[in-house]
Amino acid sequence: MAERKSRRRFLAEGALALAGVAGAGPGSARAAPDAGTRPGSGTGSIFSGTPGEGAGPAGPAITAEDFAHAERLMRVRMTEEQRALAADSWNLNIGPFFARRDFPLGNESPAQVWNPVLRGTGRMPKKNRVVRSTWTPRKPPGDEELAFTPVHLLARWVHSRQVSSVRLTELALARLERYQPQLNCTITLVREEALAEAEAVDHEIARGKYRGPLHGIPFGAKDLLDTAGVRTTWGAEPFRNRVPKEDATVIARLRAAGAVLVAKLSLGALALNDVWFGGRTSNPWFLEEGSGGSSAGSGAAVSAGLVPFAMGSETFGSIVDPCMRCGTTGLRPTFGRVPRTGAMTLSWSHDKLGPITRSVEDTALVLAAISGPDPADLSSLPSRFAFDATRSVKGLKLGVVPAWMTGPAASEVEPAAVKALEQLGMKRVDLTFPDLPWAALQSLVLADAAASFERLTLSGEDGQLRMQVRDAWPNLFRQSRFISAVDYVQADRLRRHIAKVWAEQLAKVDVLLSPSLRDEPLATNSTGHPCLVVPAGWVMVDRIRSDWLPPPGQQHPPVSPPRKVPYGVSLIGHLWDEGTVCSVGLALEGAVKMTDAHPPGFA
């Protein structure tokens, strides 16, 4: 199989791809505000509000020669006189922006908050409602099969006290420890606390207090979610001994639902790819390659039957990517549905938290437990979630973009998945998307990330990170400092335009099915639409896949014979309508019958 365009390649190509975005469209012109009106005596800085001589030399000393060197990066051209004028007035007009850069901002959010909702878009359910699949009571299996049993079945046995939480927790801890040498997916094992919680859970259920389908179920959490008294390292060397005092909101909600935390799972350092300070996390289906990033440990642990479910996060593909590669199911919720309080910040306007599981129904059960706003997360919004595992998909409209079904990001699995859903009664609707600079949206993520971790760059601590290649954070953070404020705003305007394009196309369908790693579906990370990845077939790969770019002029190593590995497709839905997305995913899951497939060597 030809090497597909990796999520990492998409990130690298989009780093500074803003040329041509700045032009405003027809009807967008309007009179500019009178920015030249200065306060006070009329001689102070227009930004500082200070009369007299302005802000003073707050920024770095700038010369005309500096502007001459910077012009190529900033895509402007000035005369010698213009450069001299700009240098002479730099501290007067721009210097205040550099004042007090050492001010302790902590994890303060930017003043601008992204709201994905456009007027007239989104499909918010009228009320919260979760209908589980029908249940035919049967005897629980042995531990090896139990390790791969989905949450919605485990919950039935735990509720009926046929399987104890202690048994499931001990099984998860044993498998996490046993397979760590092969997968390298665990950063911290939470043994004593987990066993104590599981024992308490069993006593609670025995007394007749049952909290719901997650009660007594072990889980793992991507190690960017704070856990009180348990280190949360962000996968990065400078933070490997960081121990938070409080649980992240999502962790607290899962504990309140009765779930038992057994491990903090690996992520690529600072949520990039699959290499952390302890090394690379491997794909259980293909141990020679990484599991994909950045929810690397969550994808690998669920795939290998180490935990029934895990929490992941996505900024630009970090749930989609490892699920697609490891053969797991992942749900990236609507932006704002799940609060991120206590989670590492990469991009305030893109970060999302969601579950990685072995079945579609499981993602719905977890999402129901973690949804809802939190005042501490300014981007979190009130929402309702409705899912019915018995719902038919007959008559629903399935969006397909024919142009996306060929090329390096596609395979034979996507057309087969479309055909399977058509046979279940869905109506195919072909869509067309305009040609837009999709990768330019990456500048928003990169600038946010560089701001979030500015201290690492300015202090030189970024040198502690294991990966120092061209597409790793140290280089990307430094490059991102040269994205101008003007370009950032233009990319933000493009973001709103792309959100309108997606809303216009989704208005014609109920769900859209696409290859997972194309630029256009990945751009829904910026628009805020939910995405479900479902294993839908098999592909043969003839070389190691990686989110890391190969060295210039080289390719990733070939493998012989080619490997047969699972492959996932993406289902993208309307804002707040994860219920319909999950219904379609559940129908596809039943048609392709991949839930019983497990990586060899772990079953």
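Count residues from 1 along the sequence.
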V307 versus F219, closest heavy-atom pair with distance: CG1-C, 4.3 Å
Side chain of S452, backbone of T345: donor and acceptor closer than 3.5 Å? yes
Pairwise distance CG(L532) to CZ(R332) - rounded to 0.5 angstrom: 10.5 Å
Quick one: pull up CE in M426 and CG in D510 and give me the separation to the nearest 0.5 Å. 6.5 Å
Taking D377 for its side chain and R340 for its backbone only, find out whether a donor-acceptor pair lies under 3.5 Å. yes
Of L494, D492, L446, the residue whose pairing with L441 passes side chain to side chain contact (heavy atoms under 4.5 Å, CB included): L494
Side chain of H574, backbone of L506: donor and acceptor closer than 3.5 Å? yes
Atom of A450, atom of S480 and distance for their closest heavy-atom approach: CB-CB, 3.7 Å
Straight-line distance of N525 CG to S349 OG, nearest 0.5 Å: 10.5 Å
Test item: I498 and L436 side chains (from C-beta on) under 4.5 Å apart, heavy atoms: yes
Without swapping roles, check the side chain of D223 against the backbone of S266 for a donor-acceptor pair under 3.5 Å. no
Within a strict 4.5 Å, meaning less than it, do heavy atoms of the L367 and P333 side chains meet? yes
For L224 and L353 the tightest heavy-atom approach is CD1-CD2, 4.4 Å
Counting C-beta onward and ignoring hydrogens, is there a side-chain heavy-atom pair between Y567 and P535 closer than 4.5 Å? no
Ignoring hydrogens, what is the shortest heavy-atom contact between L588 and A536? Give both atom names and the distance. CD2-CB, 4.3 Å
Step through the shown structure and confirm whether more than 12 heavy atoms of other residues, nucleotides or ligands are within 6.0 Å of CZ on R129. no
Would you check if the side chain of N273 reaches a backbone N or O of G293 as a donor-acceptor pair within less than 3.5 Å? no
Within the structure provided, determine whether S443 and D487 are in side-chain contact (heavy-atom separation under 4.5 Å). no
For the atom pair OG1 (T432) and CG (D430), what is the distance rounded to the nearest 0.5 Å? 7.5 Å
Tell me, do S295 and I356 make a side-chain contact under 4.5 Å, heavy atoms counted? yes
Looking at R337 and E578, is there a salt bridge between them, counting it only when a charged N and a carboxylate O are closer than 4.0 Å? yes
Main chain of V360, side chain of H152: is a donor-acceptor contact present, judged purely on distance under 3.5 Å? no
Minimum-distance pair of heavy atoms, taken over all atoms of A259 and F309: CB-CZ, 4.3 Å
Pair T580, R391 - check side-chain contact (heavy atoms from CB on, under 4.5 Å), show working. CA-CA 9 Å; T580 298; R391 178 185 180 184; 3.0 Å; yes
Return yes when atom NZ of K508 has more than 12 non-hydrogen atoms of other residues, nucleotides or ligands closer than 6.0 Å, and no otherwise. yes
With heavy-atom distances below 4.5 Å as the criterion, would you say the side chains of D274 and E289 are in contact? no
Without swapping roles, check the side chain of W285 against the backbone of C326 for a donor-acceptor pair under 3.5 Å. yes
Aromatic plane relationship, W404 with F433 - under 30° parallel, 30 to 60° tilted, over 60° perpendicular: tilted
Check for a donor-acceptor pair, side chain of D362 on one end and backbone N or O of V151 on the other, with a separation under 3.5 Å. yes
Would you say D471's side chain and L549's backbone share a donor-acceptor pair under 3.5 angstrom? yes
Donor + acceptor pair across side chains of S298, K222 (<3.5 Å): no
Side-chain donor-acceptor contact under 3.5 Å, T363 with T329: no
What's the shortest heavy-atom distance between V511 and V581, and which atoms? CG2-CA, 4.1 Å
Could you tell me whether the side chain of R495 and the main chain of S526 form a donor-acceptor pair under 3.5 Å? yes
Show the numbers, then the answer: is there a side-chain contact (heavy atoms from CB on, under 4.5 Å) between V509 and L398? CA-CA 6 Å; V509 298; L398 178 67; over 6 Å; no
Rounded at 0.5 Å granularity, tell me how far OG in S359 sits from CE in M594. 14.0 Å
Would you sort out whether M311 and V250 count as a side-chain contact (heavy atoms from CB on, under 4.5 Å), showing the intermediate values? CA-CA 9 Å; M311 285 304 305; V250 160; 3.9 Å; yes
Sub-4.5 Å side-chain heavy-atom contact between D448 and L346: no
Test of understanding: with salt bridge (charged side-chain N to carboxylate O under 4.0 Å, His left out), list the residues that count as partners of E361, not counting sequence neighbours. none
Any side-chain heavy atom of F387 within less than 4.5 Å of one from S583? yes
Going from CD on E414 to OG on S516, what distance comes out if it is rounded to the nearest 0.5 angstrom? 7.0 Å
Between V445 and Q442, does a side-chain contact (heavy atoms from CB on, under 4.5 Å) hold up when you go through it step by step? CA-CA 5 Å; V445 172; Q442 279 299 322; 4.1 Å; yes
